[in-house]
Amino acid sequence: MKFDLSILAKHIPFLLEGAWLTLQACTLAVVGSLALGLVVGAMRTSASPLLNRVAAVYIDIFRNIPFIVQLFFFYFGLPEIGIYIDAFTTGVVALSIAGGAFTSDVIRSGILAIDPGVIEAAQVSGLRKITIFRKIILPIALRASVRPLGSVFINLILTSSILSTITLNELTGSAKIVASNTFRPFEVYFVLLVAYAALTYAVSILIGMLHRYLNRHQEEGAV
Amino acid sequence: MRYGDFTPFDIILLLQGLGVSLALFVSTTLIGLVIGTAWAVVRFYRVPVLMQLVTFVAELLKNSPVLVQLFLVFFGLPAFLKINVTPTEAAVITLSGNSAAFIYVIAVSAIESVGRDQIEAARVFGLTRWQILRRVIAPQATAFAIGPLTGLLVNQLQVTSLISVIGVMDLTKVGNILNLRTLKPFIVWTAVGLVYYLTAKLVTYAGARFEKRLRAHTAWKGL
């Protein structure tokens, strides 16, 4: 069979619709996992043994169980306890919770990498705990962890393809429909592969730019 | 009559699923190790055309969802090349390729972790290229690579859950079947998640043990 991409031309709008849904889900999930990651990362580095333990258990569980199992747990389980939400919301929630585990680990290592002297200086200056966290710890930790956070988010984009298994027609889901309509699965999935690779490549370039922008003062001072 | 209750046989079913998951995990990891290391060696010797090709393929595999790769092999290849691909074959091909791409990255950095001066010293002593690779680089690179490799393997174990989507009877698929039969998603997916969790812990533990053994010669032994 010859490799013919032209048959895909009339399905492009449909695929773009799916890509739009992927983009929405990923954006929401990135925001959700960043928020969750900040809270859990702060808990993981707090002085309270209880908060620390709870955060550690959360990270451990969601990093060691396959995402598809977590997704099925939420998708099939939630209606059982009377919570009826659509596939999109379930997917975003599951992505955020799973992503939050990875994000909090990155933020934790960012916080731990801060020179203790900086925090001691802030404490001696009489700043309140919450102020130290918001104005001293977070900016330094976040600035240092832009790159690792970026790779977590790229992974999140790739993981979002699994949402197609709970009947959500995002990019992969709509490609599945196109493949079964055109009977040209090879072309469809090949294009999809390249599209995802291009998307994540673009995101990684953006992350690199953001990293350089946020760390611009460091570089000038270093030389 | 509906068999909606759990039976003792369900445990055997779960163990069977675990067996399939583990068998695919181990075999694709081994194949991935061989291919990934071979790619890294190609890069180490800077083989002209092959090196660029390997880098490109590895990037493409790393930056696209495994689910899409799986669909490309399982639905795309049979339609394109007019061959038969069983779900298990598709799973082995995809997971091996995917593992290889990530192992390649680890192997490259492991090889680079061995100092240039050591290689130059070995060359001065008149060792052949193969001897340098086998006696100088390999032992140190392996010890360096075990840490990241363990992390990767925990990840790859979770990736194997995706093959349930194309109908391989692995642990997740068994979970799906039990879920549909008993309609008790919380119990089923918790059990499946727990099995994955314990397996992942086992992989982490084994990796840590192995790393300790490889690094035994550098450990402080006391005077």
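Below, chain A is the first sequence line, B the second, and so on; all start at residue 1.
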Query - A/T165 versus chain B, the contacting section by heavy-atom distance below 4.5 Å - result: side chain
Query raised in the report: Do A/T22 and A/C26 touch side chain to side chain, with heavy atoms closer than 4.5 Å?
Result: yes
Query - Region of B/N176 in contact with chain A, defined by heavy-atom distances below 4.5 Å - result: side chain
Requested in this report: Would you give the length of the straight line joining atom OH of A/Y196 to atom OG of A/S161, rounded to the nearest 0.5 angstrom?
Outcome: 5.0 Å
Query raised in the report: Has the side chain of B/T86 got a donor or acceptor atom that lies under 3.5 Å from a matching backbone atom of B/E89?
Result: yes
Query raised in the report: Non-hydrogen atoms of chain A under 4.5 Å away: do they reach the side chain of B/Q69, the backbone, both or neither?
Result: both
Query raised in the report: Is the CE atom of A/M43 crowded by more than 12 outside heavy atoms at less than 6.0 Å?
Result: yes
Report task. Pick one of side chain, backbone, both or neither for A/S164, based on which atoms fall under 4.5 Å of a heavy atom in chain B. Result -> side chain
Query raised in the report: With a 4.5 Å limit on heavy-atom distance, are the side chains of A/S33 and A/F153 in contact?
Result: yes
Report task. Run the numbers on A/T89 and A/V92 for side-chain contact (heavy atoms from CB on, under 4.5 Å), then give the verdict. Result -> CA-CA 5 Å; A/T89 320; A/V92 169; 5.8 Å; no
Report task. May I ask you to test the B/N98-B/F102 pair for a side-chain heavy-atom distance under 4.5 Å? Result -> yes
Query raised in the report: What residue, out of B/I187, B/V154, B/N179, has the most heavy-atom pairs lying under 4.5 Å from chain A?
Result: B/N179
Query raised in the report: Can you name the one residue among A/T103, A/V39, A/V152 that meets side chain to side chain contact (heavy atoms under 4.5 Å, CB included) with A/L34?
Result: A/T103
Query raised in the report: Given the rule in the side-chain contact (heavy atoms from CB on, under 4.5 Å) test, do A/Y189 and A/L192 qualify, once you have shown the distances and angles that lead to the verdict?
Result: CA-CA 5 Å; A/Y189 292 126; A/L192 191 61; 4.1 Å; yes
**Report entry** Heavy atoms of other groups near A/Y201 OH, more than 12 under 6.0 Å
**Finding:** no
**Report entry** Gap between atom OG of A/S160 and atom CG of A/L28 - 0.5 Å precision
**Finding:** 12.0 Å
Query - Within residues 168-179 of chain A, residues adjacent to chain B where the heavy-atom gap is under 4.5 Å - result: A/T172, A/K176
Query raised in the report: Does a side-chain heavy-atom distance below 4.5 Å link B/I11 with B/F6?
Result: no
Requested in this report: Identify which of B/L67, B/T190, B/L61, B/L72 forms the greatest number of heavy-atom pairs closer than 4.5 Å to chain A.
Outcome: B/L72
**Report entry** For A/P185 against B/A79, the heavy-atom pair lying closest together
**Finding:** CG-CB, 3.6 Å
Query raised in the report: Between B/K173 and B/V168, is any pair of side-chain heavy atoms under 4.5 Å apart?
Result: no
Query raised in the report: Between B/A200, B/G175, B/G193, which has the largest tally of heavy atom pairs under 4.5 Å with chain A?
Result: B/G193
Query raised in the report: Under the side-chain contact (heavy atoms from CB on, under 4.5 Å) criterion, do A/R108 and A/L112 qualify, and how do the steps go?
Result: CA-CA 6 Å; A/R108 167 176 169 258; A/L112 290 184; 4.0 Å; yes
Requested in this report: Taking the side chain as every heavy atom from C-beta outward, state whether B/E112 and B/V108 have any atom pair closer than 4.5 Å.
Outcome: yes
Query raised in the report: Tell me, side chain or backbone of B/T172 under 4.5 Å from chain A's heavy atoms, or both, or neither?
Result: side chain
Report summary line: Applying a strict 4.5 Å limit to non-hydrogen atoms, the region of B/K62 in contact with chain A is backbone
Report task. Quick one: do B/V57 and B/W39 satisfy side-chain contact (heavy atoms from CB on, under 4.5 Å)? Show the steps, please. Result -> CA-CA 10 Å; B/V57 171; B/W39 286 358; 4.1 Å; yes
Requested in this report: Could you list which of residues 47-84 of chain A have a heavy atom closer than 4.5 Å to any heavy atom of chain B, in residue-number order?
Outcome: A/D60, A/I61, A/R63, A/N64, A/I65, A/P66, A/I68, A/V69, A/F72, A/F73, A/F76, A/G77, A/L78, A/E80, A/I81
Query raised in the report: In Å and rounded to the nearest 0.5 Å, what is the CG to CD1 distance from A/L206 to A/I154?
Result: 9.5 Å
Query raised in the report: Take atom NZ in B/K212; do more than 12 heavy atoms of anything else shown fall under 6.0 Å from it?
Result: no
Query raised in the report: Taking only heavy atoms into account, what residues of residues 23-38 of chain B are found under 4.5 Å from chain A?
Result: none
Report summary line: Scored by heavy-atom pairs under 4.5 Å with chain A, the best of B/L198, B/L162, B/V192 is B/L162
Query - Minimum side-chain heavy-atom gap B/E211-B/T150 below 4.5 Å - result: no
Query - Non-hydrogen side-chain atoms of B/Y104 and B/T55 separated by less than 4.5 Å - result: yes
Report summary line: Ordered numerically, the heavy-atom neighbours of chain A under 4.5 Å found in residues 40-51 of chain B are none
